[in-house]
Number of protein chains: 2
Amino acid sequence: MGGLMRRPTIVDIAKAAGVSKGAVSYALNGRPGVSEETRRRILAIASDMGWAPSSPARALSPGGRIGAIGLVVDRPAHSLGLEPFFMQLVSGIETELASSNNDLLLQVTEDMGAETAAYRRWSAERRVDGVIMVDLRVDDPRIGLVEGLPLPAVVLGGPEGAGSLPCLYTDDSVAMREVVHYLAALGHRRIVRVAGPEEFVHTRARTAAFLDAAEQAGLAEAYSVHADYTGEAGTRTTRRLLARTDRPTALVYDNDLMAVAGLGVAREMGVGVPSQLSIVAWDDSVLCRLVRPSLTAIARDIVSYGRLAAAMLGDAIEGRPVRNQETSRGELYPRASTGPMGA
Amino acid sequence: MGGLMRRPTIVDIAKAAGVSKGAVSYALNGRPGVSEETRRRILAIASDMGWAPSSPARALSPGGRIGAIGLVVDRPAHSLGLEPFFMQLVSGIETELASSNNDLLLQVTEDMGAETAAYRRWSAERRVDGVIMVDLRVDDPRIGLVEGLPLPAVVLGGPEGAGSLPCLYTDDSVAMREVVHYLAALGHRRIVRVAGPEEFVHTRARTAAFLDAAEQAGLAEAYSVHADYTGEAGTRTTRRLLARTDRPTALVYDNDLMAVAGLGVAREMGVGVPSQLSIVAWDDSVLCRLVRPSLTAIARDIVSYGRLAAAMLGDAIEGRPVRNQETSRGELYPRASTGPMGA
DNA sequence: GCCGTCTGCTTAACCGGTTCAGTTTCTGTG
DNA sequence: CACAGAAACTGAACCGGTTAAGCAGACGGC
């Protein structure tokens with residue numbers, strides 16, 4: 001068991017190299033103050049010993065960074081597993097972090113109180129250098145809190161409502177227009193959107209874009225109903241909508257999970273897809289391609305989204321200026337779940 | 001912006017209370033050495049100032065803990081989002097960690113090399129106090145590595161192959177027997193299992209249990225084929241199986257994602273479920289309940305699994321003895337995807 | 001009245017890095 | 001040859017905690 005061996009420190013390296021620990025620090029950090037020859041010798045010894053800097057020790061120095069960022073995901077755990085969005089986001093974030101040996105702290109909470117508590121604690125205990133916040137809400141309590149904390153942050157969403165914090169957002173209006181016009185071109189007149197929670201800023205933006213596009217396309221009967229992203233809500237909402245006498249002929253869901261739930265309800269109620277009902281999912285995923293009929297979906301590059309967010313946060317942590325950014329827009333991928341009525 | 005305010009330290013508290021910082025430390029940690037009255041005064045001041053211990057500083061002291069554990073998930077990111085297993089596991093782990101103000105570092109990697117590198121780095125840089133390892137493999141290189149590192153660990157899987165590391169495992173044989181006998185009772189004779197990767201220990205254990213149960217039930221034709229948990233593999237494998245002349249009448253999938261993929265293929269090929277083919281998924285999820293027909297599944301309490309794993313790791317970190325444990329077994333939840341042939 | 005012990009606290013070292021202020025040595029210049 | 005200036009390195013302070021050792025004063029016992 002090598003398990004008991006003491007981890008080497010820069011003092012060990014200093015002894016081995018016959019120099020002071022200050023010199024070792026300069027050498028290892030590529031700063032001036034040591035000759036090239038000494039630097040090489042020190043680096044060789046460090047590598048020999050398998051030395052790596054203690055992150056707590058580094059963090060303790062004035063101006064030191066712990067080398068970790070935090071992400072809180074505030075959604076019910078049982079629905080979360082199904083949303084590829086988060087895992088892809090995490091994957092993108094880590095791609096960026098990996099290049100600088102940074103780590104990700106993940107917390108899954110069930111309410112906003114626990115989320116704000118997490119930011120407070122992380123900041124006070126110096127566990128992270130910064131945080132990425134998702135699911136921006138209208139009058140989001142997190143914004144004021146984090147603005148008042150010594151905690152760099154990047155907001156996914158906005159730019160309205162992000163306060164003074166840098167943010168990264170998608171303009172969904174173009175994709176929304178594409179979807180609505182596509183459905184209108186297929187002959188649909190009664191298009192209903194099963195949206196995410198109303199308190200999310202991006203839900204509102206999409207709602208406005210949806211109404212806008214519908215008006216443009218001359219659809220007076222388009223409207224949105226709100227659900228909470230869970231499969232259960234998707235099931236309930238769809239059942240209610242399909243039971244109406246003026247049943248919609250096309251449904252646009254704000255996430256893939258609700259769309260799949262909607263597909264199940266349609267089958268249950270004997271409503272043919274796409275012959276009697278067209279279905280579109282926002283945010284594509286393996287899931288959309290696996291179910292039958294496969295779901296027409298709007299895909300975004302979420303991995304890049306995460307990578308960019310992490311890069312922005314890195315800049316903010318280093319004290320570099322950070323500008324709000326817009327990411328690539330979603331694109332429509334028509335599949336088997338959409339078509340003209342009766343086809 | 002209070003953002004610029006210096007975070008209070010124990011020295012600030014000591015000054016305010018008119019005592020030494022040592023006394024403050026004793027008071028805050030509930031150790032003897034200060035009078036009850038002084039302790040109360042110090043606690044009040046600390047709470048007033050909004051003080052919280054700097055985790056890097058704590059970690060730096062001899063024997064200090066950083067208060068974080070690590071989890072590496074080594075699966076392709078795009079399939080991962082769909083597996084409720086991991087999010088539920090994370091959720092369970094965090095439930096346990098929350099009680100002691102500990103955090104979770106999550107890393108999503110695409111290969112074993114990156115995973116072992118993560119353990120090395122985390123240990124060398126003292127970023128975590130311990131790790132939880134999932135998806136134990138046959139001759140797993142992680143075991144030897146971690147055994148040789150000063151890094152407490154708990155293995156999910158085993159107990160064979162976990163080396164000297166404490167492990168937490170499920171005995172799937174009971175549930176497997178239940179599934180096979182249930183299908184046999186429905187009249188199925190050609191049952192095929194679409195298994196996870198062969199190199200996973202738990203896959204092998206299930207394979208053995210499956211063969212055992214099939215023999216018991218007098219099914220000579222039962223066998224397993226291996227896939228990699230992705231929807232694509234599920235699709236491909238199922239297509240191949242359903243194209244055979246001696247087509248199986250029941251399929252048992254090792255995860256929900258492949259089962260859903262299989263259902264899609266059956267529809268595509270005009271094979272009725274459950275009239276011509278029964279489908280069972282291992283590990284239940286929202287997904288199984290959302291698709292039509294809903295999938296018969298084996299459910300385990302994964303949240304508890306995670307919680308227990310975190311508790312075991314906590315013991316290991318504190319140096320308390322840790323015994324291998326078996327968790328609750330899975331249970332079969334029959335739904336619409338299974339039935340007698342031709343029904 | 002002296003000693004031993006306990007309580008309640010202080011002092012100082014330590015963890016493993018970073019960094020600033022010096023000190024020594026080397027080099028080039030007038 | 002004296003001297004400036006840079007290069008290479010040392011020593012020590014510092015970050016924010018924990019903890020061992022030391023010490024003053026109170027108290028009790030004989």
Side-chain angles (χ1 to χ4, degrees), chain A residues 5-43 45-46 49-68 101 123-127 129 150 318, chain B residues 5-43 45-46 49-68 101 123-127 129 150 318:
Chain A
M5 224 183 54
R6 228 184 81 265
R7 282 175 266 223
T9 72
I10 56 168
V11 174
D12 299 323
I13 300 175
K15 278 190 191 132
V19 295
S20 71
K21 68 174 193 164
V24 173
S25 178
Y26 291 138
L28 291 170
N29 290 297
R31 320 172 119 264
V34 284
S35 67
E36 262 322 300
E37 197 224 314
T38 308
R39 185 186 307 277
R40 264 195 300 275
R41 190 158 42 94
I42 289 174
L43 286 174
I45 293 172
M49 290 184 167
W51 176 88
S54 151
S55 98
R58 276 215 158 137
L60 204 51
S61 290
R65 312 258 129 84
I66 185 72
N101 258 14
S123 171
E125 298 183 356
R126 291 152 178 85
R127 289 195 174 254
D129 297 324
E318 299 296 334
Chain B
M5 225 183 53
R6 229 184 79 263
R7 281 175 267 222
T9 72
I10 56 168
V11 174
D12 300 321
I13 300 175
K15 278 190 191 133
V19 295
S20 71
K21 69 173 191 163
V24 173
S25 178
Y26 290 136
L28 292 170
N29 291 297
R31 318 171 120 265
V34 283
S35 67
E36 261 323 298
E37 197 224 315
T38 309
R39 184 187 306 276
R40 264 195 300 275
R41 191 157 42 93
I42 289 174
L43 286 174
I45 293 172
M49 290 184 166
W51 176 87
S54 151
S55 97
R58 274 215 160 136
L60 204 51
S61 289
R65 313 257 129 83
I66 185 70
N101 259 13
S123 170
E125 299 182 356
R126 291 155 179 82
R127 289 193 173 257
D129 297 324
E318 299 297 332

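Note that these values count all heavy atoms, side chains included, but never hydrogens, waters or copies made by symmetry.
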Does some side-chain heavy atom of A:I66 sit less than 4.5 Å from a side-chain heavy atom of A:R126?
-> no
Rounded to the nearest Å, what distance is computed from the [atom1] atom of residue [X] to the [atom2] atom of nucleotide [N]?
X: A:R127; N: D:dG16; atom1: CZ; atom2: P; answer: 17 Å
X: A:K15; N: D:dT10; atom1: NZ; atom2: C1'; answer: 16 Å
X: B:R6; N: D:dC15; atom1: CZ; atom2: C1'; answer: 11 Å
X: A:E36; N: D:dC9; atom1: CD; atom2: C1'; answer: 15 Å
X: B:E125; N: C:dG16; atom1: CD; atom2: C1'; answer: 13 Å
X: B:L60; N: C:dC14; atom1: CG; atom2: P; answer: 14 Å
X: B:R7; N: D:dG17; atom1: CZ; atom2: C1'; answer: 15 Å
X: A:I10; N: C:dC15; atom1: CD1; atom2: C1'; answer: 12 Å

Select one nucleotide: of [options], the one nearest the side-chain heavy atoms of [X].
X: B:T38; options: D:dC15, C:dC9, D:dG16; result: C:dC9
X: A:S20; options: C:dT10, D:dT10, C:dG17; result: D:dT10
X: A:V19; options: C:dG17, D:dT10, D:dG17; result: D:dT10
X: B:W51; options: C:dG16, C:dT18, D:dG17; result: D:dG17
X: B:P62; options: C:dC15, D:dT18, C:dG16; result: C:dC15

In terms of heavy-atom contacts, A:L28 and A:A46 come closest through CD2-CB, 3.8 Å
Hey, does the side chain of A:S35 come within less than 4.0 Å of D:dC9's phosphate (OP1/OP2), counting only N and O?
-> yes
Examine C:dG16: is either OP1 or OP2 under 4.0 Å from a nitrogen or oxygen in the side chain of A:R58? Give yes or no.
->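 No, outside the criterion.
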Touch class at under 4.0 angstrom, heavy-atom based, for A:A52 against every strand present | sugar-phosphate
Base, sugar-phosphate alone, or nothing: which one does A:S25 contact when heavy atoms must sit under 4.0 Å apart?
-> base
Report yes or no: is there a donor-acceptor pair, N or O only, under 3.5 Å between the side chain of B:Y26 and the base of D:dA20?
-> yes
Let me see the working for B:K21 and B:I13 under side chain to side chain contact (heavy atoms under 4.5 Å, CB included), right down to the final yes or no.
-> CA-CA 8 Å; B:K21 69 173 191 163; B:I13 300 175; over 6 Å; no
B:R58/A:E125 salt bridge by N-O under 4.0 Å criterion =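 B:R58 and A:E125: not salt-bridged.
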So does A:E36 pair up with A:R39, basic N to acidic O under 4.0 Å?
->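 Result for this pair is yes, salt bridge flagged.
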Result for 5'-nearest mapping on DNA chain D, choosing between B:A57 and B:G22, is B:A57
Of B:V34 and B:K21, whose closest DNA chain C nucleotide lies nearer the 5' terminus?
->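 Counting from the 5' end, the first nearest nucleotide belongs to B:V34.
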